[in-house]
Amino acid sequence: RAVVSSPGKPDIDVSSPPEFKGEAGFWTPEDMFVASVNLCTLLTFVAFSQQKGLEFVSYECAAEGVLENVEGKYRFTEVALHPHVTVKAQEDIERAREVLDSAHKGCFVSNSITATVKLFPDIRAA
């Protein structure tokens, strides 16, 4: 086990996953990797929505990563994001889809990794 820390921020207890002899119930590097892709996409969507004047009611996103042994080395080959976005009106759905697509393409974390990031959006009006 270890603690991730940075000045002015709360500490995070971390471990390897149980599959790699770590302890259950703690954040793992794998969790943080997938969460980083997910969070970057969310925050980019929020920023782009503000720039485009798109008001949304909610954004929730499940994310999962595929970790594989490729040529003798473990690596993430895919991250799947399943955002559920609720907008205020039916006429905002297409614009939200465009903003989300731009956020997906503009996420610097996704653009910095070799894993394929796939987006499976569900956008609805309130």
Side-chain angles (χ1 to χ4, degrees):
R1 260 182 33 199
V3 175
V4 175
S5 64
S6 183
K9 299 174 186 158
D11 291 348
I12 302 171
D13 292 321
V14 296
S15 175
S16 296
E19 299 85 354
F20 294 102
K21 301 181 181 178
E23 296 180 53
F26 292 93
W27 280 89
T28 68
E30 295 83 358
D31 294 330
M32 294 178 125
F33 178 86
V34 174
S36 291
V37 173
N38 194 2
L39 185 56
C40 181
T41 302
L42 159 66
L43 295 176
T44 304
F45 175 77
V46 170
F48 287 6
S49 291
Q50 289 173 343
Q51 291 172 358
K52 300 285 185 185
L54 173 69
E55 294 185 44
F56 62 95
V57 177
S58 66
Y59 181 112
E60 294 179 24
C61 187
E64 56 194 7
V66 177
L67 184 65
E68 296 182 294
N69 191 312
V70 178
E71 298 176 359
K73 296 179 183 179
Y74 283 104
R75 65 182 290 271
F76 279 96
T77 56
E78 181 180 301
V79 176
L81 302 177
H82 301 271
H84 298 277
V85 179
T86 303
V87 293
K88 290 188 172 188
Q90 188 74 27
E91 57 267 14
D92 292 331
I93 290 176
E94 189 53 40
R95 193 156 58 114
R97 190 174 309 284
E98 291 169 4
V99 171
L100 184 57
D101 186 56
S102 293
H104 173 61
K105 291 175 182 169
C107 169
F108 73 88
V109 173
S110 296
N111 292 332
S112 300
I113 62 174
T114 58
T116 302
V117 180
K118 295 183 178 179
L119 193 66
F120 301 96
D122 174 34
I123 303 173
R124 301 172 188 225

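Numbering starts at 1 and runs along the sequence shown. Values in this document were obtained by computation on a predicted structure and should not be read as measured data.
- Under the salt bridge (Lys or Arg N to Asp or Glu O under 4.0 Å) criterion, no residue pair touches residues 33-52, with sequence neighbours excluded.
- Pairs engaging residues 25-49 under the salt bridge (Lys or Arg N to Asp or Glu O under 4.0 Å) rule: none recorded [sequence neighbours left out].
- In this structure, the separation between CG on Leu119 and CG on Leu100 is 4.5 Å, given to the nearest 0.5 Å.
- When the side chain to side chain donor-acceptor pair (under 3.5 Å) test is applied to Arg97, no partner is found at least two apart in sequence or on another chain.
- Under the side chain to side chain contact (heavy atoms under 4.5 Å, CB included) criterion, Glu64 pairs with Ala80, His82, not counting sequence neighbours.
- With sequence neighbours left out, the side chain to side chain donor-acceptor pair (under 3.5 Å) criterion links Gln50 to no other residue.
- Scanning all heavy atoms of the two residues, the minimum distance from Asn38 to Ala62 falls at ND2-C, 4.4 Å.
- A continuous path of hydrophobic side-chain contacts links Leu81 to Leu43 [ILVMFWY only; heavy atoms under 4.5 Å].
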Show which side-chain atoms of residues 6-15 pair as donor or acceptor with protein atoms under 3.5 Å away, not counting sequence neighbours.
residue	atom	partner	partner atom	Å
Ser15	OG	Glu23	N	2.8

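- For Thr116, the side chain to side chain donor-acceptor pair (under 3.5 Å) criterion is met by no residue, not counting sequence neighbours.
- We find the CD1-OG1 distance between Ile123 and Thr86 to be 9.5 Å, quoted to the nearest 0.5 Å.
- Sorted by first and then second residue, the salt bridge (Lys or Arg N to Asp or Glu O under 4.0 Å) pairs with a member in residues 107-126 read Glu78-Lys118, Asp122-Arg124; sequence neighbours excluded.
- A ring-ring contact (aromatic ring centres under 6.0 Å, His included) check over residues 38-69, counting only residues at least two apart or in different chains, returns the pairs Phe45-Phe56, Phe45-Tyr59.
- In plain terms, the two heavy atoms of Val87 and Ala96 that are nearest each other are CG1-CB, 3.6 Å.
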Identify all side-chain donor-acceptor contacts of residues 102-114 below 3.5 Å with residues at least two apart in sequence or on another chain.
residue	atom	partner	partner atom	Å
Ser102	OG	Glu98	O	3.2
His104	NE2	Val117	O	3.4
Lys105	NZ	Asp101	OD2	3.0
Asn111	ND2	Lys105	O	3.1
Asn111	ND2	Cys107	O	3.1
Ser112	OG	Phe108	O	2.6
Thr114	OG1	Arg75	NH2	2.7

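- In this structure, Asn69 CG and Glu71 CD are separated by 9.5 Å, a value rounded to the nearest 0.5 Å.
- Screening residues 1-34 for ring-ring contact (aromatic ring centres under 6.0 Å, His included), with sequence neighbours left out, gives Phe20-Tyr74, Phe33-Phe76.
- Of the candidates Leu42, Thr44, Val37, Thr44 is the only one forming a side chain to side chain contact (heavy atoms under 4.5 Å, CB included) with Cys40.
- Taking the salt bridge (charged side-chain N to carboxylate O under 4.0 Å, His left out) definition, one finds that Glu55 meets it with Lys88, sequence neighbours left out.
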